[in-house]
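Structure first, then comments.
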Amino acid sequence: MNILIINGSPRETGRTTQVTRELHKSYQSSFLDLSQLSLPIFTGEPHQYETEEVQELIEKIEKADGILLATPEYHGAMSGALKNAFDFLNSAYFAHKPVTLLAVSGGGKGGINALNNLRTVTRALYANVLSKQLVLDPADIVEKGTLRKNAADGIHELVNELTLYTQVSKQILEAKQNV
């Protein structure tokens, strides 16, 4: 089973980047780091899909059985880097894939607006977005992605639920193929 963690932050030293890098190590998942992947600004031109960066994005999404999406909240929404990445994709890449959502807040406004925005966009891509979601705030992060116990427990529950739904989804898809 291939769980993909996507760091939706363009900032190499941002909290979202730090947390997702630690999650990648802890859960031995696949990882797509938008602070390292320089995608072109989406224009819809066919030649953009031929770039190495867009091919890497598409390949990782295609191979994923389940996805954990993480984003900071920028002006009440997901990061522009993450939205730009979604613009290169369509529903074929997300159909029947369980997706769970994580926001890493930078301050007093929380991350719920980013999660709502992310939920709307991923549902439009036909992802099976799970109900369980999580917002981490600065107090949850001890240092460089290391989480306090209650936040780590919340992440563990989030990943366990994603894993469970991914297993069920794979079984259903396999049964459909055998009919």
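All values derive from a computational prediction rather than experimental measurement. Numbers for residues simply follow the sequence, beginning at 1.
- Phe31 is not listed as a side-chain neighbour of Leu23, based on a closest heavy-atom distance of 4.5 Å or more.
- Note: Asn128 CG to Thr100 OG1 = 12.0 Å, rounded to the nearest 0.5 Å.
- Residues Ser38 and Glu53 share a closest heavy-atom pair of O-CG, 3.3 Å.
- Residues His24 and Ile5 approach most closely at N-CD1, 3.8 Å, considering heavy atoms.
- Following chains of ILVMFWY side-chain contacts shorter than 4.5 Å, one cannot reach Leu4 starting from Met1, and the two form parts of different hydrophobic clusters.
- In this structure, Leu101 and Val129 have side chains that are in contact, with non-hydrogen atoms separated by less than 4.5 Å.
- Under a hydrophobic clustering in which Ile, Leu, Val, Met, Phe, Trp and Tyr are joined whenever their side-chain heavy atoms come within less than 4.5 Å, directly or via other members, Leu68 and Leu136 fall into the same cluster.
- For Gln55 (side chain) and Tyr49 (main-chain N/O), a donor-acceptor pair under 3.5 Å exists by modelled atom type.
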With side chain to side chain contact (heavy atoms under 4.5 Å, CB included) as the test, would you mind laying out the steps for Leu130 and Glu161 before giving the verdict?
CA-CA 8 Å; Leu130 303 181; Glu161 186 164 309; 4.1 Å; yes
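- Listed here is the closest heavy atom pair of Tyr74 and Ser9: OH-OG, 3.9 Å.
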Between Leu115 and Ile112, is a side chain to side chain contact (heavy atoms under 4.5 Å, CB included) present by the stated rule, with each step listed?
CA-CA 5 Å; Leu115 291 177; Ile112 197 69; 4.3 Å; yes
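- Tyr27 OH: more than 12 foreign heavy atoms inside a 6.0 Å radius.
- Checked by atom type, the side-chain pair Asp65/Asn2 shows no donor-acceptor distance below 3.5 Å.
- The minimum heavy-atom distance linking Glu73 with Asn113 is given by the pair OE1-N, 3.2 Å.
- Counting all heavy atoms, side chain and backbone alike, Gly111 lies closest to Val135 at N-CG1, 3.7 Å.
- Side chain of Ser169 to backbone of Tyr165: no donor-acceptor contact under 3.5 angstrom is found.
- The minimum heavy-atom distance linking Ala85 with Leu34 is given by the pair CB-CD1, 4.1 Å.
- Using a 3.5 Å distance cut-off with no hydrogens or angles, the side chains of Thr43 and Gln48 do pair a donor with an acceptor.
- When atom types are taken as modelled, the side chain of Lys97 and the backbone of Thr166 share no donor-acceptor pair closer than 3.5 angstrom.
- Side-chain N or O atoms of Thr20 include one that pairs as donor or acceptor with a backbone N or O of Thr16 at under 3.5 Å.
- Atom NE2 of His156 sits about 9.0 Å away from atom OG1 of Thr163, to the nearest 0.5 Å.
- We find the CD-CD distance between Gln18 and Glu12 to be 11.5 Å, quoted to the nearest 0.5 Å.
- Note: the hydrophobic cluster containing Ile6 also contains Leu118 (ILVMFWY, side chain heavy atoms under 4.5 Å, direct or indirect links).
- In this structure, CG on Leu102 lies 5.5 Å from CG on Leu134, to the nearest 0.5 angstrom.
- Checked against the 6.0 Å centroid threshold, Phe42 and Phe88 count as a close aromatic pair.
- A donor-acceptor pair is defined here as one N or O able to donate and one able to accept, closer than 3.5 Å; such a pair exists between the side chain of Asp140 and the backbone of Asp137.
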Could you go through Val104 and Ile141, starting from their C-alpha distance and side-chain angles, then the distance that decides it, and tell me whether this counts as side chain to side chain contact (heavy atoms under 4.5 Å, CB included)?
CA-CA 10 Å; Val104 182; Ile141 302 166; 3.9 Å; yes
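- By the rule that hydrophobic residues join a cluster once side-chain heavy atoms approach within less than 4.5 Å of another member, Met78 and Leu158 end up as members of separate clusters.
- By the criterion of side-chain heavy atoms lying less than 4.5 angstrom apart, applied directly or through intervening Ile, Leu, Val, Met, Phe, Trp or Tyr residues, Leu32 is grouped together with Phe94 in one hydrophobic cluster.
- The CG atom of Asp87 sits 9.0 Å away from the CG atom of Leu125 when rounded to the nearest 0.5 Å.
- Ile61 is listed as a side-chain neighbour of Ile67, based on a closest heavy-atom distance under 4.5 Å.
- Judged by distance alone, the side chains of Ser35 and Arg21 do bring a donor and an acceptor atom under 3.5 Å apart.
- With a 4.5 Å cut-off on side-chain heavy atoms, Pro72 and Ser105 do not count as touching.
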Begin with the C-alpha distance, continue with both residues' side-chain angles, and end with the deciding distance and a verdict on side chain to side chain contact (heavy atoms under 4.5 Å, CB included) for Val19 and Leu147.
CA-CA 8 Å; Val19 167; Leu147 301 175; 4.1 Å; yes
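- To the nearest 0.5 Å, atoms OG (Ser30) and NZ (Lys60) are separated by 7.0 Å.
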